[in-house]
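Report on the following structure.
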Amino acid sequence: MNFQTDELDFSNASCRAERICAKCKIVGCPFARRVARSGTLAQHRLTRGQGIQCPDGACLRFWIVIEGYAATCTYFRDGRRQILSIDEPGTAVCGLMVAEDSEQRLEALTDCLVCEVDLTEQALELRNDAEFLADVSRMLHERLERSIVHVSMLGRLDSFERVTYFLADMATRHGRKGAPVTLSMSREDIADYLGLNTDSVSRILTRIRKAGLVRFVSPTEYFVPDMKAVARRLPVAAPTPARSMLATGGHVQ
């Protein structure tokens with residue numbers, strides 16, 4: 001694997017006190033205090049398509065997306081891929097339940113920067129750390145909530161509804177008033193996330209555009225002119241702004 005890895009110094013007092021990484025600008029990071037004890041953590045600079053996999057089986061390894069977009073993916077033996085979650089800046093990904101020889105990995109959807117925290121050597125100590133257990137529990141709970149929504153969408157929405165909900169969700173989570181949303185995922189990525197094929201995604205995007213539910217200003221930029229109109233086409237509640245698992249600042253948007 002050829003991604004670039006940097007080492008960060010987490011030994012300064014401000015990181016311990018405020019749980020802030022001076023370089024990443026992650027505010028409220030649940031791992032800052034614990035990483036300070038070992039002194040370093042790693043950053044991985046990934047290009048699109050590169051991935052990180054937990055190499056040691058079950059471990060206490062976590063990843064935080066700092067810049068760009070990543071995805072938690074599962075690969076099948078025949079080469080097909082299912083994107084399980086879209087991980088935007090500020091998202092924390094837990095490697096606690098990654099089994100040995102797992103086909104799951106964190107994969108870059110765009111060029112991205114990922115912070116890796118490895119607490120494996122502190123495993124025995126952390127078993128009795130109530131604050132750490134609460135942080136991890138909250139992280140897993142929030143990811144489980146998102147997984148339930150995603151599984152429900154795949155199981156009950158038809159292809160048109162899936163793509164419509166996806167575009168509305170991206171607009172709600174990443175859009176800014178008066179500015180178009182940049183769609184960082186390729187048609188193939190969208191297909192792998194929604195359980196469709198690429199041709200179907202392209203046809204449905206055309207249908208959605210002709211219906212006036214979404215307006216594309218470029219192949220990768222769009223906006224939703226009327227979210228209420230979108231909501232009327234969906235059998236589920238329209239997306240609401242997602243809560244980031246970590247608050248971010250500085251260059252992380």
(request) Measure the spacing between OG1 of Thr198 and CG of Asp192 and express it to the nearest 0.5 Å. (result) 7.0 Å

(request) Assess whether side-chain contact (heavy atoms from CB on, under 4.5 Å) is satisfied between Phe62 and Asp135, documenting all intermediate values. (result) CA-CA 12 Å; Phe62 304 86; Asp135 288 335; over 6 Å; no

(request) Side-chain contact test, heavy atoms from C-beta onward, threshold under 4.5 Å: evaluate it for Arg209 versus Thr206 and give yes or no. (result) yes

(request) Decide if atom CZ of Arg233 counts as having more than 12 heavy atoms of other residues, nucleotides or ligands within a radius under 6.0 Å. (result) no

(request) Check whether the side chains of Glu107 and Tyr75 place a donor and an acceptor atom closer than 3.5 Å, and report yes or no. (result) yes

(message) Is the shortest side-chain heavy-atom distance between Val114 and Ile64 below 4.5 Å?
(response) no

(message) Looking at Asp111 and Arg48, would you say the former's side chain and the latter's main chain have a donor-acceptor pair under 3.5 Å?
(response) yes

(request) State the NE2-CG distance between His150 and Leu84, to the nearest 0.5 angstrom. (result) 7.0 Å

(message) Could you tell me if the side chain of Ser85 sits less than 4.5 Å from the side chain of Tyr193, heavy atoms only?
(response) no

(message) Could you report the tightest heavy-atom contact between Gly49 and Arg105, atom names first, then the distance?
(response) O-NH2, 3.1 Å

(request) May I ask you to decide whether Lys228 forms a salt bridge with Asp226, counting only side-chain N to carboxylate O separations under 4.0 Å? (result) no

(request) Answer with yes or no whether the side chains of Ser200 and Asn197 bring together a donor and an acceptor at under 3.5 Å. (result) yes

(request) Verify side-chain contact (heavy atoms from CB on, under 4.5 Å) between Thr91 and Glu142, making sure each step is shown before the conclusion. (result) CA-CA 10 Å; Thr91 301; Glu142 292 182 1; over 6 Å; no

(message) Let me confirm one number: the CG-CZ distance from Leu106 to Arg61, rounded to the nearest 0.5 Å.
(response) 12.5 Å

(request) State, to 0.1 Å, how close Val181 and Ala171 come at their nearest heavy-atom pair, and which atoms those are. (result) CG2-CA, 3.6 Å

(request) State, yes or no, whether a side-chain contact exists between Phe223 and Val214 at a heavy-atom distance under 4.5 Å. (result) no

(message) Going by side chain to side chain contact (heavy atoms under 4.5 Å, CB included), Phe166 matches just one of Val201, Ile204, Leu183. Which one?
(response) Leu183

(request) Using a 4.5 Å cut-off on heavy atoms from C-beta on, say whether the side chain of Gln43 contacts that of Glu116. (result) no

(message) Has Ser137 got a side-chain atom pairing as donor or acceptor with Leu133's backbone, closer than 3.5 angstrom?
(response) no

(message) Could you check whether any side-chain heavy atom of Val93 comes within less than 4.5 Å of a side-chain heavy atom of Thr72, counting everything from C-beta outward?
(response) yes

(message) Between Glu221 and Ser218 (side chain of the first, backbone of the second, donor and acceptor by atom type, cut-off under 3.5 Å), is there such a pair?
(response) no

(request) Would you please say whether a donor-acceptor pair under 3.5 Å links the side chains of Thr172 and Asp169? (result) no

(message) Would you say Val149 ends up clustered with Leu167 if hydrophobic residues are merged whenever their side chains have heavy atoms under 4.5 Å apart, either directly or through other cluster members?
(response) yes

(request) With side-chain contact (heavy atoms from CB on, under 4.5 Å) as the test, would you mind laying out the steps for Met185 and Tyr69 before giving the verdict? (result) CA-CA 9 Å; Met185 299 171 66; Tyr69 289 83; over 6 Å; no

(message) Distance check, rounded to the nearest 0.5 Å: Cys73 atom SG versus Ile83 atom CD1?
(response) 5.0 Å

(message) Let's go through Thr74 and Arg81 carefully: what are the C-alpha distance in whole Å and the side-chain angles of both, what is the deciding distance for side-chain contact (heavy atoms from CB on, under 4.5 Å) to 0.1 Å, and is it a yes or a no?
(response) CA-CA 6 Å; Thr74 291; Arg81 175 184 68 163; over 6 Å; no

(request) Find out whether Glu67 and Thr110 are in side-chain contact, i.e. whether some heavy atom of one side chain is under 4.5 Å from a heavy atom of the other. (result) no

(request) Measure from the side-chain N and O atoms of Arg162 to the backbone N and O of Leu157, and report whether any donor-acceptor pair falls under 3.5 Å. (result) yes

(request) Report yes if some heavy atom in the side chain of Gln82 is under 4.5 Å from a heavy atom in the side chain of Leu154; otherwise report no. (result) yes

(message) I'd like to know if the side chain of Glu161 reaches the main chain of Asp158, judged simply by a donor and an acceptor atom lying under 3.5 Å from each other, with no hydrogens or angles considered.
(response) yes

(request) Examine Val236 and Leu194 and state if one hydrophobic cluster contains both, with Ile, Leu, Val, Met, Phe, Trp and Tyr joined whenever side-chain heavy atoms are less than 4.5 Å apart. (result) yes

(request) Find the distance between CG (Leu213) and CD1 (Ile208) and round it off to the nearest 0.5 Å. (result) 7.0 Å

(request) Might you point out which heavy atoms bring Pro89 and Gly68 nearest each other, and give the distance in Å? (result) CD-O, 3.2 Å

(message) Just verifying a value: how many Å separate Ser184 OG and Ile86 CD1, rounded to the nearest 0.5 Å?
(response) 7.5 Å

(request) Taking Asp189 for its side chain and Ser186 for its backbone only, find out whether a donor-acceptor pair lies under 3.5 Å. (result) yes

(request) Name the orientation class of the two ring planes belonging to Tyr222 and Phe216 (parallel below 30°, tilted from 30 to 60°, perpendicular beyond 60°). (result) tilted

(request) Would you name the heavy atoms of Cys112 and Ala70 that are closest together and state the gap between them? (result) SG-CB, 4.5 Å

(request) Answer yes when Glu188 and Arg80 have at least one side-chain N-carboxylate O distance shorter than 4.0 Å, and no when they do not. (result) no

